[in-house]
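Quick notes on the structure that follows.
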Amino acid sequence: MDHVKSLKCLICGREYSPNEIEYVCPHHGDEGIVDVQYDYDLIAGRISPATLAENRDYTIWRYRPLLPIEPDSPVPPLSVGWTPLYRTDRLAAGLGLKNLWVKDDGRQPTASFKDRASAIAVVKGRERKAEVITTASTGNAGAALAGLCASVGQRNVIFAPQTAPPAKIAQLLVFGSTVMLVRGTYDDAFELCLQAAKEFGWYNRNTGYNPYMTEGKKTATLEICEQMDWDPPDRIFVSVGDGCVIGGLHKGLKDMLALGWIKRMPKLMGVQAAGSAALYEAWRTGIDAMAMKPIDAQTIADSISAGLPADRIKGLAAVRETGGAYVKVTDEEILAAIPVLARLTGVFAEPAAAAAYAGLCKAVAEGQIDPQERIVLMITGSGLKDIASARKSAGEPYVVDANLSAVKQIAAGW
Ligand SMILES: *Cc1c(COP(=O)(O)O)cnc(C)c1O
Ligand SMILES: [Zn+2]
């Protein structure tokens, strides 16, 4: 990894070589999240928009010179990344906007954005020859780790709250993970996973703890800018729980600015559920990430439920440093967003993913958006992850006897 200069602590600024520390800066308990620092001069000689234009590898590994892995490390075979970016004129028109795109990460192999990070976790875990890779998860990070581990035969242990949606738990079990459903919240599962990893020497993928997850997640903005011919959008809306996804989007943009691939920084718009809005409140009141206190998180959007967001330093910086904003939306607004997004784009989102669209609606209603702006909605997970929530918002079907007269009767009423 000659292209990685150091791991820099975001609290005290100390820098470490990647061989010196595995996860966090040792001066702040488990909270000293570090950021990977790159040698951009070296990287510029290995990858550029011109080499990418010739590259037929349409996965996250097309950006390999910008990822923190060894040059000879094998990567998992599942096809992660290069998800579609759809121009969505009907969705745009409904909001009085001119330029709106949807990036559909429900199309990832395990149906969420988390595959981008878990793919890196599997590579790093295998570089370390880890017997077991572990993570705590509200569901998607675990499902992603489970699927990517299954693709290479890697043992793994997943900690998730017992309340995770059944589809996500089914994914874990089908992929053959050892599944620990924790009687408690995601924050409880996170803490237990940290303890277990330390006790048994497992490689730990935890969000806001393992610094390499941000690097996997940044591939989404690398893709968005490449898909837009290096003319970046003005704003990107994404839902936020722990803050790792939005921090990753920010990191990709900073990489591209440093390399001169893009000329300006899009504004990052973090959308939180009203019942799990710790970062929204910290942003609104202007407090420092390290001064945040845990809240009792409650939302139907399980993937963005986090009492004390694990990646709060990066999550706040992403919005503050880009001149974006945090927006909060109610569970009712999130549920209502699912069928609207689906009917106007053909993209079926889980509640946490539809929250990004609910946040865009709110920002438009509040007059935060110029209609000419070029906006990308990051859709982070598939609606099939949580059909119980989807059914609450989508109306009821007709149930008919198996004869045409029943259909005629209904059609007459249209
Ligand atoms: C994890 C997740 C998010 C939010 O990511 P954080 O890093 O926790 O902020 C949003 N949507 C979906 C579907 C997710 O799985
Ligand atoms: Zn430190």
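FYI, side chains are in, hydrogens and waters are out, and symmetry mates aren't considered; it's all heavy atoms of this structure. Counting convention: from 1, in listed order, for ligands and their atoms alike.
For ligand 1, the polar-atom distance check finds an N/O of Cys244 within less than 3.5 Å of one of the ligand's N/O atoms. Considering both main-chain and side-chain atoms, Glu350 never comes within under 3.5 Å of ligand 1 through any nitrogen or oxygen pair. Between Ala353 and ligand 1, a contact under 3.5 Å exists for no N or O pair. The distance criterion of under 3.5 Å between nitrogen or oxygen atoms is met by Asn140 with respect to ligand 1.
Ring to ring, Tyr203 and Tyr23 are close: their centroids are under 6.0 angstrom apart.
Between Lys114 and Ala141, the shortest heavy-atom contact is CG-N, 3.5 Å. Of all heavy-atom pairs spanning Ser79 and Gln108, the tightest one is O-OE1, 4.4 Å. When all heavy atoms of Met292 and Pro309 are compared, the closest pair comes out as CE-CD, 3.9 Å.
In this structure, NE2 of His28 and SG of Cys25 enclose an angle of 110° at the Zn ion (ligand 2), rounded to 10°. To the nearest 10 degrees, the Zn ion (ligand 2) sees SG of Cys9 and SG of Cys12 at an angle of 110°.
Geometric assessment of Arg116 against the ring of Phe113 yields a positive cation-pi assignment under the 6.0 Å and 45° thresholds.
Residue contact check: Gly241 has heavy atoms under 4.0 Å from atoms 4 (C), 6 (P), 8 (O), 9 (O) of ligand 1. Less than 4.0 angstrom separates some heavy atom of Ile304 from each of these atoms of ligand 1: 3 (C), 4 (C), 10 (C).
The protein heavy atom nearest to atom 8 (O) of ligand 1 is Asp242 N, 2.8 Å. Protein heavy atom at the shortest distance from atom 11 (N) of ligand 1 is Thr380 OG1, 2.7 Å. Ranking protein heavy atoms by distance to atom 5 (O) of ligand 1, first place goes to Val245 CG2, 3.2 Å. Closest protein heavy atom to atom 10 (C) of ligand 1: Ser239 OG, 3.2 Å. The protein atom (non-hydrogen) at minimum distance from atom 14 (C) of ligand 1 is Lys114 NZ, 2.8 Å.
Checked by atom type and distance alone, the side chain of Arg62 pairs as donor or acceptor with a backbone atom of Asn55 at under 3.5 Å. Looking only at distances, a side-chain donor or acceptor of Asn204 sits under 3.5 Å from a matching main-chain atom of Asn206. With Asp115 contributing its side chain and Thr110 its backbone, the two residues share a donor-acceptor pair below 3.5 Å. A donor-acceptor distance shorter than 3.5 angstrom exists from the side chain of Ser118 to the backbone of Leu145, with no hydrogens or angles considered.
For the residue pair Tyr186/Asp242, the side-chain donor-acceptor check at 3.5 Å is satisfied. Lys168 and Ser303 are linked by a side-chain donor-acceptor pair at a separation below 3.5 angstrom, with hydrogens and angles left out of the test.
With a heavy-atom cut-off of 4.0 Å, Asp311 does not touch ligand 1 at all. In Ser112, neither the side chain nor the backbone holds a heavy atom less than 4.0 Å from any atom of ligand 1.
Residue-ligand proximity: Val240 is placed with a non-hydrogen atom under 4.0 Å from ligand 1. In this structure, Ile246 falls outside the shell of residues with a heavy atom less than 4.0 angstrom from ligand 1.
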